[in-house]
Amino acid sequence: MPPTAEALMDRLRAVAEALAGEALWAGDAGRALARLFEALEECRADLQRLSVTADDAAAFVAVLLDGQTVRPRASLHPQLHIWGLLEARLQSADLLLMSGLNEGSWPGLPAPDPFLAPAIRRALSLPGLARRTGQEAQQFAGGLGAPDVLLTRSLRAGGAPTVASRFWQRLAAATGGLADSGALSPGREALLEAARALGRPPAAAPYPRPEPQPPVSARPQEITVTDVAMLKADPFTFYARRILKLSKLDPRDAEPTAGERGQVVHDILQRALQEGQATLPAILDAELRKLGERPEIAALWRPRVERMVGWALATMAEQPDWQPFRWEEKAELALGPVTLKGRIDRLDRSGSALRVVDYKTGSVPKIKDVTALYQTQLALLAHLAEAGLFGDTGGLPVEALEYWKLSGGLEPGRQSPALGQKVGADDIRAHIEAAWADFEELVGGYLLGERPFRAKQHMVYGRRFSDYDQLARVAEWLGR
């Protein structure tokens with residue numbers, strides 16, 4: 001018999017390894033045993049001073065092993081999971097077994113504080129000892145929300161009979177013994193059916209796609225060229241924004257939006273054309289200051305702005321045939337009682353021809369969207385230009401519609417014809433006329449007529465307008 005506890009543990013480990021080999025340390029139980037011996041290594045000095053007799057050896061080892069818990073890392077069955085209270089609250093299951101409804105187990109008895117009396121805890125604004133009971137009740141109530149729940153308890157623990165928890169006893173009293181009886185009386189059957197009905201809400205009729213139809217007198221008599229795409233693709237968004245006057249709230253202390261940054265770039269280019277490129281550094285300082293004194297603006301975005309503005313000015317210089325004629329200028333055109341408003345980024349002139357240019361610091365509209373008349377901003381501005389509303393341009397045809405993509409990255413900018421590369425003057429003329437005819441139809445139906453403002457009129461193109469999807473309850477009538 002080893003004389004000390006240290007020698008006893010070394011002898012037990014040697015015998016166990018001789019009998020089981022490497023399998024001794026395998027699996028969840030083996031890892032738990034390894035952690036026990038690691039803990040005993042840290043207490044080796046104390047074990048050396050502890051003598052153990054043959055009569056005490058078995059009891060000594062039993063006490064050491066009794067405090068070890070082996071928890072399997074994976075479930076024993078793919079459809080069975082054993083969770084604690086917090087794990088069960090964070091996850092869901094089709095069938096949830098809530099066990100341990102015995103007095104003293106659930107709810108657990110609050111452990112007394114050996115240092116602070118309850119009155120002192122209240123004076124120090126510390127949580128009371130019953131707080132844990134409330135947390136357990138909250139977790140239990142959350143578990144009752146599972147589709148199917150079984151409440152169970154053990155009749156015996158440690159060889160002695162157990163006492164059902166107070167909740168179990170109240171549940172049994174309220175149901176007339178429902179928790180313990182097998183056959184149900186008609187009254188209990190009705191009670192059980194009522195409880196099950198709580199999880200089966202009555203069927204509700206699907207919410208229809210909204211189609212508000214305000215009177216003509218309530219419809220706006222002004223529309224901008226940028227709102228035409230919204231009116232055609234998602235009339236409900238136009239209704240919410242221009243008739244109900246609803247707008248999305250900006251978050252507090254938010255970074256400058258893409259629209260604000262884009263407007264700054266427009267202002268820089270406008271001043272550079274008016275005042276000359278020699279004053280460009282001072283213009284950059286003054287305009288970027290409008291976005292606030294932010295270090296990331298000076299360190300990250302200013303270099304991009306310098307590259308995109310430099311590219312735009314250099315591209316203008318490389319195309320002397322096209323001379324900027326008007327920039328950042330507004331115009332209006334009456335179509336009966338309705339007024340169309342537009343602001344052109346830049347209008348160039350080459351002899352007897354005009355070119356409409358739109359700066360884009362964001363994404364450029366796709367050619368198929370333009371040809372399908374879902375992006376008609378450039379065409380409508382061209383119509384205003386040909387009407388002589390941007391200076392002395394009356395009678396001059398527009399022969400080019402272009403987007404200038406301003407990114408300031410590795411590719412600082414890109415010149416993109418709105419209708420593609422292989423188009424001629426006749427194609428552009430046909431597109432401008434088709435866009436104007438489409439605009440007249442929209443005005444006659446939505447602003448001068450009684451056509452309803454249907455949500456997502458054209459679903460594919462209406463997806464880009466999403467600020468009012470919750471108001472339109474899109475997810476409901478789409479069956480999502």
Side-chain angles (χ1 to χ4, degrees), residues 224-226 250 254-332 341-351 353-364 377-378 381-382 384-385 388-393 396 398-418:
T224 64
V225 294
T226 55
D250 294 328
E255 298 290 333
T257 64
E260 293 171 340
R261 296 191 181 196
Q263 185 58 49
V264 167
V265 174
H266 282 64
D267 295 342
I268 292 173
L269 285 171
Q270 177 186 5
R271 293 185 58 181
L273 291 173
Q274 292 173 344
E275 304 171 19
Q277 299 187 31
T279 60
L280 186 58
I283 295 174
L284 286 169
D285 293 337
E287 295 299 329
L288 291 176
R289 199 175 296 118
K290 296 178 180 178
L291 299 177
E293 299 293 339
R294 297 177 179 268
E296 66 272 15
I297 296 295
L300 300 177
W301 204 56
R302 181 187 175 109
R304 299 181 69 93
V305 174
E306 292 176 347
R307 286 193 292 269
M308 64 177 70
V309 172
W311 173 86
L313 297 176
T315 304
M316 295 181 207
E318 294 171 358
Q319 300 175 357
D321 293 341
W322 290 104
Q323 291 297 319
F325 181 68
R326 289 287 188 272
W327 48 83
E328 302 297 336
E329 190 167 326
K330 298 179 181 179
E332 297 181 2
K341 296 184 176 183
R343 178 172 178 168
I344 197 166
D345 290 350
R346 200 177 83 237
L347 181 63
D348 298 343
R349 182 172 180 175
S350 177
L354 300 176
R355 177 175 70 175
V356 178
V357 176
D358 188 28
Y359 303 133
K360 290 294 184 183
T361 54
S363 59
V364 175
Q377 177 182 355
L378 284 182
L381 290 173
L384 298 179
L389 300 178
F390 295 112
D392 187 14
T393 59
L396 298 181
V398 174
E399 295 185 357
L401 302 174
E402 294 184 356
Y403 293 109
W404 283 28
K405 168 67 175 178
L406 305 177
S407 60
L410 295 178
E411 183 185 24
R414 185 174 67 253
Q415 194 174 353
S416 303

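Hydrogens, waters and symmetry mates are skipped; everything else that's a heavy atom, side chains included, is used. Residues take their numbers from the sequence shown, with the count starting at 1.
- For the atom pair CZ (R346) and CD (Q270), the distance works out to 13.0 Å, reported to the nearest 0.5 Å.
- Within the structure, the ring-ring contact (aromatic ring centres under 6.0 Å, His included) test picks out the following pairs touching residues 266-286 (sequence neighbours left out): H266-Y359.
- Contact detail for G413 and S407: the closest heavy-atom pair is N-OG, 4.2 Å.
- Here the closest non-hydrogen pair linking A286 and R271 is CB-NH1, 3.8 Å.
- A cation-pi contact, defined as under 6.0 Å to the ring centre and within 45° of the axis, links R349 to F325.
- Heavy atoms only, all atoms of each residue included: L389 and E329 are closest at O-OE2, 4.4 Å.
- Taking both residues in full, the closest heavy atoms of W404 and Q319 are given as CZ2-OE1, 4.2 Å, listed atom of the first, atom of the second, then distance.
- The shortest non-hydrogen separation linking L406 to A312 is CD2-CB, 4.3 Å.
- At distances below 3.5 Å, not a single donor-acceptor pair connects side-chain atoms of K330 with backbone N or O atoms of I344.
- For A282, there are no side-chain contact (heavy atoms from CB on, under 4.5 Å) partners at least two apart in sequence or on another chain.
- Across V364 and K360, no two heavy atoms sit closer than the pair CG2-CB, 4.1 Å.
- Between R302 and D285 there is a side-chain heavy-atom pair separated by less than 4.5 Å.
- The shortest side-chain heavy-atom distance between D345 and E328 falls under the 4.5 Å cut-off.
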